[in-house]
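Below: one structure, written as structure tokens.
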Amino acid sequence: MVPKPIIITTKPPLTSIPPLKISSVRTEEKPQTQTQTVKTTPTPPKTTTQTPNPTFKIANRKKPEQSVPALLFNAFDDIINNFIDPPIKPSVDPRHVLSQNFAPVLNELPPTECQVIKGTLPPSLNGAYIRNGPNPQFLPRGPYHLFDGDGMLHAIKITNGKATLCSRYVKTYKYKIENEAGYPLIPNVFSGFNSLIASAARGSLTAARVITGQYNPSNGIGLANTSLALFGNRLFALGESDLPYEIQLTTNGDIQTLHRHDFNGKLFMSMTAHPKIDADTGECFAFRYGPVPPFLTYFRFDSNGVKNSDVPVFSMTTPTFLHDFAITKKYAVFGDIQIGMNPLGMISGGSPVGSDSSKISRIGILPRYAKDESKMKWFDVPGFNNIHSINAWDEEDGKTVTLIAPNILSVEHTMERLELIHAVVEKVSINVETGIVTRKPLSARNLDFGVINNEYIGKINRYVYAAVGDPMPKISGVVKIDVLKGEEVGCRMYGEGCYGGEPFFVGREEGNGDEDDGYLVSYIHDEKNGESRFIVMDAKTASLEVVAEVKLPRRVPYGFHGLFVKESELMKGSLS
């Protein structure tokens, strides 16, 4: 039985939100290489202060001249943002969305030495922890959603107990053309279409920019702001609306974007930001989804990164918001949930993603080496809505597939009120022969961003580490769940005013080989003093004891998903 939703009470959003104090910013009208410092007022209360006065210094460069069409388009863009479609909802008001530690850092950070302030960094962490997240290149002039920011990677490289931090934008096509222009060109997908008039206006402006050659959408308009993946000896920054961007970490800890990767022309349009890599075979399994049939397309890469043929899935009959999936040794497991893509709602004033309470959620199971969808099976799982999947495996009876995933109990808040989302981690077992489905909640807490020891992806595993929403998208701690016992067996809360993000499990190389013998790593931020830290927790202990803590040289904004890359992996292929 699924527990009743926990109602999270919050103060109603302010009708007028004071501007956020940002000590130095690059404005839309200025190129990146021109010095510009702007201070906004009034100053917010001390509880929302940022890192004190980071200085943004850049070399002087002559301001690029704008063509007459560009001047006209920018003037029309201002009219849309100020009069046709001002950001009146808190969910798309940048003064609200980009407050506190969600505010962007508007300059890159080259590799900078960090101070270890507690314990010592263990040898197993020789390598780099890299976390992706949204960080808008320009302060928004109109509506802005948290998911709309340009991708920025924050990498802490560790060598023999010493650490350096580097923060770099993923140099996507979108980033580069807007950086050269000195202002935004491509409209925000999640917040740029809030009414029929606004949609028509922004659509016309976008068409005009394309026709006059300001940008070419065939080169990709994605943000690469969601996650990272390592397969085929290549490291990728990912966002599900575009192709992967291959990146490289240099020996001194710097981050370089190499190029947009299409796998020799075999990958079309886009790929999920949550591919699954089988640690035993080195294969990578992935998919793409979209608003037109086939709404789901499945594919895989061999251990060398060579892409196999697409498997279109036409039995998914509606455009579902299919953000993540899971694999077992025999199957790929997909969710057809009540949260879906909403193109018609988008042009009439809603979000591009909406919910349908009348829809019955399903789980689809496809043989993982399928060449077509003929053996795809769907099973009704009413009320089960998983945006993220933690793991799945085949039970020993050969008939049952088990999925571990957070189930969102308040799908109507998915895009508009993230702070009201409550998700319960469930264990769902499906007998693929009889169709019988059994479900068991593993915790009543509000949990998401669940991770495991990646050596167990697709195999039976015992331990899950999940982030505690307080409320989402802020993360106030992490819990350890024993899947076999069906209960929490460990917990660490970060303390008053401290919030983090998704934890990541790194196995201890000198350990005994137990599944939970390793470390949890994460960035956390203290909103009281504006400082950010990198923490290392002992994943085996009930208290998730902090064994090392690194003070970071500047603030790291809250973000999405990360990846730890070992030193040995950094030395392979394009990573070194």
Side-chain angles (χ1 to χ4, degrees), residues 2 189-190 193 240-242 267-276 285-300 308-328 330-348 350-389 392 401 403 405-415 423 426 428-437 439:
V2 179
V189 173
F190 286 96
F193 304 90
E240 60 196 35
S241 61
D242 205 344
L267 183 61
F268 304 99
M269 296 164 49
S270 63
M271 185 179 100
T272 176
H274 288 289
K276 305 302 178 188
F285 300 84
F287 67 93
R288 67 172 173 269
Y289 71 101
V292 297
F295 300 120
L296 167 63
T297 301
Y298 170 67
F299 48 87
R300 61 186 175 90
N308 285 267
S309 299
D310 286 350
V311 179
V313 179
F314 290 96
S315 55
M316 179 171 279
T317 56
T318 57
T320 296
F321 183 55
L322 218 171
H323 180 67
D324 198 357
F325 79 131
I327 60 166
T328 72
K330 294 168 59 177
Y331 300 105
V333 183
F334 299 94
D336 185 8
I337 63 177
Q338 292 176 308
I339 305 168
M341 303 183 71
N342 189 25
L344 294 179
M346 188 170 70
I347 64 173
S348 63
S351 166
V353 176
S355 62
D356 180 3
S357 59
S358 65
K359 180 179 178 179
I360 297 176
S361 299
R362 304 185 299 168
I363 290 178
I365 296 180
L366 176 72
R368 89 176 198 171
Y369 295 110
K371 297 184 182 300
D372 57 51
E373 69 163 324
S374 60
K375 294 184 179 180
M376 182 88 170
K377 292 184 178 181
W378 291 98
F379 304 90
D380 289 348
V381 190
F384 186 74
N385 295 286
N386 63 311
I387 288 182
H388 290 123
S389 297
V401 173
L403 171 68
N407 176 26
I408 296 177
L409 303 179
S410 47
V411 293
E412 67 275 14
H413 300 310
T414 302
M415 294 297 297
E426 288 192 31
V428 182
S429 295
I430 301 173
N431 187 308
V432 297
E433 293 185 2
T434 66
I436 295 175
V437 178
R439 299 166 61 179

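We're numbering straight along the sequence, starting at 1. Computed from heavy atoms alone, side chains included, the values below leave out hydrogens, waters and symmetry copies. What you see is a predicted model, and the numbers here were worked out from it, not measured in a lab.
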Between D310 and R300, is the closest basic N to carboxylate O distance under 4.0 Å?
no
Just verifying a value: how many Å separate W378 CH2 and L366 CG, rounded to the nearest 0.5 Å?
9.0 Å
Drop me the distance from I408's CD1 to H388's NE2, to the nearest 0.5 angstrom.
8.5 Å
Candidate list V411, L322, N385, test side chain to side chain contact (heavy atoms under 4.5 Å, CB included), partner I337, passing option:
N385
Does the side chain to side chain contact (heavy atoms under 4.5 Å, CB included) test come out yes or no for R439 and V381, once each step is laid out?
CA-CA 9 Å; R439 299 166 61 179; V381 190; 3.8 Å; yes
Is the shortest side-chain heavy-atom distance between Y289 and V313 below 4.5 Å?
no
With a 3.5 Å cut-off and no angle check, do the side chains of T320 and K359 form a donor-acceptor pair?
yes
Say whether S315 and E373, considering side chains only, have a donor N or O and an acceptor N or O under 3.5 Å apart.
yes
Atom pair OG1 (T272) and CG (L296), whose distance is rounded to the nearest 0.5 Å:
10.0 Å
Side chains of T297 and F268, heavy atoms from C-beta outward: is any pair under 4.5 Å?
no
Given I339 and I387, is the side chain to side chain contact (heavy atoms under 4.5 Å, CB included) satisfied, shown in steps?
CA-CA 9 Å; I339 305 168; I387 288 182; 4.0 Å; yes
Could you tell me the separation between the CZ atom of R362 and the OG1 atom of T318, rounded to the nearest 0.5 Å?
7.5 Å
Could you go through the side-chain hydrogen bond (donor to acceptor under 3.5 Å, both in side chains) check for Q338 and D356 one step at a time?
CA-CA 5 Å; Q338 292 176 308; D356 180 3; over 6 Å; no
Side-chain heavy-atom pair F325, H274 within 4.5 angstrom cut-off:
no
Could you report the tightest heavy-atom contact between G290 and P319, atom names first, then the distance?
O-CB, 3.7 Å
Would you call V311 and K371 a side-chain contact if the rule is heavy atoms closer than 4.5 Å?
no
Do side-chain atoms of N386 reach the backbone of G335 as a donor and acceptor pair under 3.5 angstrom?
no
Residues K276, D324; criterion salt bridge (charged side-chain N to carboxylate O under 4.0 Å, His left out); working and verdict
CA-CA 9 Å; K276 305 302 178 188; D324 198 357; 3.1 Å; yes
Going by heavy atoms in the side chains, are I327 and V333 under 4.5 Å from each other?
no
Pick from F295, F299, Y298, F334: which one makes a ring-ring contact (aromatic ring centres under 6.0 Å, His included) with F287?
F334
Does a side-chain heavy-atom distance below 4.5 Å link S361 with D380?
no
Between K377 and G364 (side chain of the first, backbone of the second, donor and acceptor by atom type, cut-off under 3.5 Å), is there such a pair?
no
At what distance, to the nearest 0.5 angstrom, does CG of L267 lie from CZ of R288?
7.0 Å
Does the side chain of Y369 reach to within under 4.5 Å of the side chain of Y331, using non-hydrogen atoms?
no
Side chain to side chain contact (heavy atoms under 4.5 Å, CB included) assessment of D336 paired with I363
CA-CA 6 Å; D336 185 8; I363 290 178; over 6 Å; no
May I ask you to decide if S241's main-chain N or O and S270's side chain share a donor-acceptor pair within less than 3.5 Å?
no
What closest approach, in Å, do V437 and F379 show between heavy atoms, and which atom pair accounts for it?
CG2-CB, 4.4 Å
Measuring only between side-chain heavy atoms, which start at C-beta, is H323 closer than 4.5 Å to E240?
yes
